[in-house]
There are 2 protein chains.
Amino acid sequence: MNFQQLRSVREAVRRGFNLTEVAQALHTSQPGVSRQIRELEDELGVEIFVRVGKRLTGLTQPGTAVLPWVERLLQDAENLQRASEEFTHGSRGVLSIAATHSQARYALPTAVRDFRATHPNVQLRLHQGSPEQIAQMLLTGTADIGIASHRLAERHDLVALPCYRWTHSIVVPESHPLLADGPITLERLAQYPIITYDQGLTGRSSIDEAFGRAGLRPEIVLTAMDADVIKTYVELGLGVGILASIAMEDDHPAHPAKLRAVDARNLFAINTTSVAVRRGGLLRGFAYDFIHTFASHLTREVVESAQAAPGDAEPAPL
Amino acid sequence: MNFQQLRSVREAVRRGFNLTEVAQALHTSQPGVSRQIRELEDELGVEIFVRVGKRLTGLTQPGTAVLPWVERLLQDAENLQRASEEFTHGSRGVLSIAATHSQARYALPTAVRDFRATHPNVQLRLHQGSPEQIAQMLLTGTADIGIASHRLAERHDLVALPCYRWTHSIVVPESHPLLADGPITLERLAQYPIITYDQGLTGRSSIDEAFGRAGLRPEIVLTAMDADVIKTYVELGLGVGILASIAMEDDHPAHPAKLRAVDARNLFAINTTSVAVRRGGLLRGFAYDFIHTFASHLTREVVESAQAAPGDAEPAPL
DNA sequence: TATCCTTACGGAATTCGTAAGCATG
DNA sequence: CATGCTTACGAATTCCGTAAGGATA
């Protein structure tokens with residue numbers, strides 16, 4: 001048994017059982033991968049993959065039982081390396097954070113500023129992406145910390161820890177009729193074209209749910225990944241914007257003052273932003289520091305005990 | 001990083017940093033071990049061992065941090081293999097149990113009988129030893145299950161689960177003066193020469209404690225590992241026996257009827273017999289079955305969740 | 001027929017053990 | 001001076017990539 005074999009198996013599962021792809025990902029030849037897998041299967045005495053003809057199509061029952069152990073082994077190997085880095089590189093290192101646009105733009109800056117001040121030797125890398133991409137980055141190790149408002153913890157191998165709660169605001173040009181005639185209701189809102197976030201982003205689901213529950217089907221004329229784009233089109237009069245309050249709260253002189261924000265916490269469900277990390281994955285000390293800077297209740301102990309808690313698909317027997 | 005390197009490190013720690021011994025244990029050459037360790041240290045970038053001149057004398061601080069991960073890696077590798085065995089060998093396999101004499105002689109037989117009936121294809125191996133030896137057997141993998149009355153869980157890498165509680169009895173020849181003149185007290189007992197278990201065995205400590213607390217220092221003329229030896233010498237009139245009640249309760253026609261047992265539960269503290277397993281170590285399915293047969297409240301779920309609970313020296317950061 | 005896995009083969013790199021060297025208690 | 005680790009070297013093994021073969025959608 002060796003790590004290359006384990007890597008081949010893990011990657012084969014991740015890449016949908018296409019060994020050619022696996023070979024590219026692992027920077028090796030395809031027959032090599034094929035051999036690694038077969039050798040591990042021989043040594044363990046079980047067929048891990050279902051073979052239809054000469055093609056791999058899925059995991060066998062033993063394969064399903066064995067896979068969690070394979071992943072844990074590889075995870076632990078990385079943890080071992082990371083544990084040593086703490087000594088070899090001291091306070092220096094790279095911290096890779098994956099976040100959605102809203103987080104990167106509005107929530108993270110103060111945490112990043114504070115963190116940079118206390119950890120001058122840590123190189124920060126900020127990746128932007130959709131929640132799915134963030135989850136992927138965490139799993140592949142591209143990112144150490146993921147931050148998003150959308151359930152990142154659907155994967156059993158990630159842990160999401162709630163950071164803070166927030167609500168939406170409605171944004172309109174300053175002369176918009178919605179601003180007159182009393183409080184804004186969902187019904188009134190639905191009469192105007194809506195501009196908001198892309199599906200699966202920044203509390204979009206709570207917007208859809210609210211309208212859905214009220215039996216309303218507003219016309220959503222434009223969706224975007226980020227609040228700034230939304231604001232721009234609201235300003236152009238394309239429609240009414242619905243976005244995270246935080247995107248309006250601050251005093252960014254960047255966005256034109258012609259816009260008016262109306263608190264909409266009573267219209268849409270409360271959203272929660274979480275940080276996510278790999279379950280069972282050791283982080284460098286400064287990564288825990290960053291999380292703590294971002295959300296002060298998330299101390300190293302809290303995060304670690306959450307990471308240690310077993311997930312759905314822990315290594316377990318049949 | 002490879003498993004041979006990890007094995008070398010683990011074994012070096014276990015064998016007191018003597019690489020010559022390690023080489024023998026791993027069936028390889030001493031320079032080989034030396035190299036494995038150095039290669040791992042190079043790859044991780046940390047010195048794991050303290051070197052005084054050319055001799056290894058202990059773990060460095062990084063070494064201490066890294067070692068738990070090394071052990072976990074190796075443990076998981078074994079778990080992976082064992083998980084596969086469940087498929088390759090089905091219900092067949094070997095179950096190795098280490099127990100003290102008392103357990104093997106009095107507590108285990110019925111469990112073994114029942115287990116054999118339900119698991120005819122499992123080869124049972126029963127090892128006898130002191131609690132320390134049992135702990136050692138568990139750690140080296142010689143035994144899968146350990147059973148003893150003496151705290152086996154002092155090691156962080158073992159988990160002990162209480163099975164049942166028991167008390168001592170006093171054994172004397174049938175005409176012994178202790179049987180007359182009312183109830184037996186510690187004071188009366190201490191006037192006679194005592195025959196009981198070896199130090200560290202089968203509740204011996206609760207006997208010592210009781211006498212100690214009462215300010216008595218009885219003459220212990222003979223100690224043995226097993227109840228049968230004790231009985232034999234009691235019969236010869238060498239002294240008064242103190243042993244586990246279970247050793248007198250049953251109807252073994254083997255021991256002569258000239259002995260009388262007196263319940264001594266009021267004199268000595270209650271003892272607990274536990275089964276111990278490796279923390280984080282997967283067992284074959286039938287091993288869990290055996291534990292359940294031995295102590296019906298210890299279901300697979302109970303045992304596994306105890307095994308999963310983190311010990312004192314879990315892989316953790318500085 | 002294009003894709004994808006397996007088998008075959010040969011060269012290269014790694015691995016490992018023996019023997020010699022050297023430091024320490 | 002005996003024990004114990006390191007270095008050096010050569011042989012054997014293992015490893016891996018290229019090329020060819022065969023099966024499936």
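Just so we're on the same page: letters track the sequence lines, and every chain starts at 1.
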**OP:** Encode nucleotides 18-25 of chain D as B, S and - characters from 5' to 3', where the letter depends on protein heavy atoms closer than 4.0 Å: B to the base, S only to sugar-phosphate, - to neither.
**Re:** BB-BSBBS
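Under the salt bridge (charged side-chain N to carboxylate O under 4.0 Å, His left out) criterion, the residue pairs touching residues 32-42 of chain A are A:Glu41-A:Arg51, with sequence neighbours excluded. Residue pairs meeting the salt bridge (charged side-chain N to carboxylate O under 4.0 Å, His left out) criterion with at least one member in residues 8-34 of chain A, sequence neighbours excluded: A:Arg10-A:Glu78, A:Glu11-A:Arg15. Counting only residues at least two apart or in different chains, salt bridge (charged side-chain N to carboxylate O under 4.0 Å, His left out) contacts with residues 133-150 of chain A comprise A:Arg82-A:Asp144, A:Asp144-A:Arg278.
Using modelled atom types, one finds no donor on one side chain facing an acceptor on the other under 3.5 Å when comparing B:Gln199 with B:Thr223. Checked by atom type, the side-chain pair B:Arg72/B:Gln75 shows no donor-acceptor distance below 3.5 Å.
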**OP:** Show your working on side-chain contact (heavy atoms from CB on, under 4.5 Å) between A:Val277 and A:Tyr288 and close with a plain yes or no.
**Re:** CA-CA 10 Å; A:Val277 291; A:Tyr288 294 102; over 6 Å; no
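A heavy atom lying under 4.0 Å from DNA chain C marks the following residues of residues 2-26 of chain A, by number: A:Phe17, A:Asn18, A:Leu19, A:Thr20.
In this structure, A:Ile37 places its CD1 atom 14 Å from P of D:dC16, rounding to the nearest Å. Across the protein-nucleic acid pair, B:Arg38 atom CZ and C:dT14 atom P stand 19 Å apart, rounded to whole Å. Whole-Å rounding puts the A:Leu56 CG to C:dT3 P distance at 18 Å. Between the P atom of C:dT15 and the CG atom of B:Asp42 lies a distance of 13 Å, rounded to the nearest Å.
Applying the 4.0 Å criterion to OP1 and OP2 of C:dC16, one finds that B:Thr28 has every side-chain N and O outside that range.
Residues satisfying the ring pair (Phe, Tyr, Trp, His ring centres under 6.0 Å) test with B:Tyr197, not counting sequence neighbours, are none.
Mapping A:Glu39 and B:Arg51 onto DNA chain D by nearest heavy atom places B:Arg51 at the nucleotide closer to the 5' end.
Annotation: side chain of B:Ser8 is in contact with side chain of B:Ile37 (closest heavy-atom distance under 4.5 Å).
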